[in-house]
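Written out below as structure tokens is the structure these notes cover.
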Amino acid sequence: MTDLPSPPNLADMDPAKDSAELAQGRVWLLALLWALPALVAVPTVAALLQGHTEGAVQQLLYLVATGILMWNVWRGSVWSWRITVALAMLTGMLVFMAGLFAGRTLVQGLLVSLGGLGFLAIGLLLVAAGPVRSFLETRWAARTAALRGGRR
């Protein structure tokens with residue numbers, strides 16, 4: 001068996017590099033948290049532009065729920081982050097498959113499949129992007145400290 005490399009010691013890291021990485025992670029996270037509701041809103045906006053108003057209230061509720069979830073991810077809720085990643089991956093797979101099978105035209109199917117790939121990309125970036133993950137870990141640590149401090 002090969003030995004896995006150990007994680008870097010936070011005390012040995014360069015503080016200037018850390019602050020630059022955290023600033024980059026902050027920007028990336030904000031972009032991801034705005035992109036996800038935008039992807040959720042695209043079908044509703046497209047339907048409204050075509051004059052279809054049925055289901056608009058339900059879609060608005062989905063958009064509000066997505067916004068609340070994104071706000072909690074920004075605040076540092078680990079559970080909101082886990083739910084967001086799971087829903088983004090599940091939605092991405094389902095939307096991608098829907099684009100493959102349910103598109104009326106080739107272009108419509110490709111656009112829907114690209115939307116599914118967008119959801120998948122957001123889910124993966126929330127998990128695997130180093131700067132995003134570093135920024136989220138600082139948020140989680142701050143939230144945990146605040147919650148523990150409030151109980152005493």
Partner residues of V64 under the side chain to side chain contact (heavy atoms under 4.5 Å, CB included) criterion, sequence neighbours left out: I68
Partners passing side chain to side chain contact (heavy atoms under 4.5 Å, CB included) against R75 (at least two apart in sequence or in another chain): W71, N72, R143
Connected hydrophobic set around L60, excluding itself, where side chains approach under 4.5 Å: none
Report the distance from atom [atom1] of [X] to atom [atom2] of [Y], rounding to the nearest 0.5 Å.
X: T66; Y: L33; atom1: OG1; atom2: CG; answer: 11.5 Å
X: R26; Y: L22; atom1: CZ; atom2: CG; answer: 11.0 Å
X: Q59; Y: L61; atom1: CD; atom2: CG; answer: 9.5 Å
X: R139; Y: S77; atom1: CZ; atom2: OG; answer: 12.0 Å
X: I122; Y: L39; atom1: CD1; atom2: CG; answer: 4.5 Å

L29 and L126, any side-chain heavy atoms less than 4.5 Å apart: yes
Heavy-atom side-chain contact between I83 and V73 under 4.5 Å: no
Partners passing ring pair (Phe, Tyr, Trp, His ring centres under 6.0 Å) against F135 (at least two apart in sequence or in another chain): W74
With sequence neighbours excluded, residues passing ring pair (Phe, Tyr, Trp, His ring centres under 6.0 Å) with W81: W140
Passing option when F119 is tested against L90, L87, L124, T91 for side chain to side chain contact (heavy atoms under 4.5 Å, CB included): T91
Single hit among V27, L32, L30, L125 for side chain to side chain contact (heavy atoms under 4.5 Å, CB included) with V132: L32
Residue pair L114, L117: steps toward the side chain to side chain contact (heavy atoms under 4.5 Å, CB included) verdict: CA-CA 5 Å; L114 284 175; L117 290 176; 4.2 Å; yes
Sequence neighbours excluded, every pair satisfying salt bridge (Lys or Arg N to Asp or Glu O under 4.0 Å) that has a member inside residues 108-135: R133-E137
Can you hop from [X] to [Y] via hydrophobic side chains spaced under 4.5 Å?
X: Y62; Y: V57; result: no
X: L100; Y: M93; result: yes
X: V45; Y: V42; result: no

Heavy-atom closest pair, residues P131 and E21: CB-O, 3.7 Å
Closest non-hydrogen atom pair between P37 and L63, with its separation: O-CD1, 3.4 Å
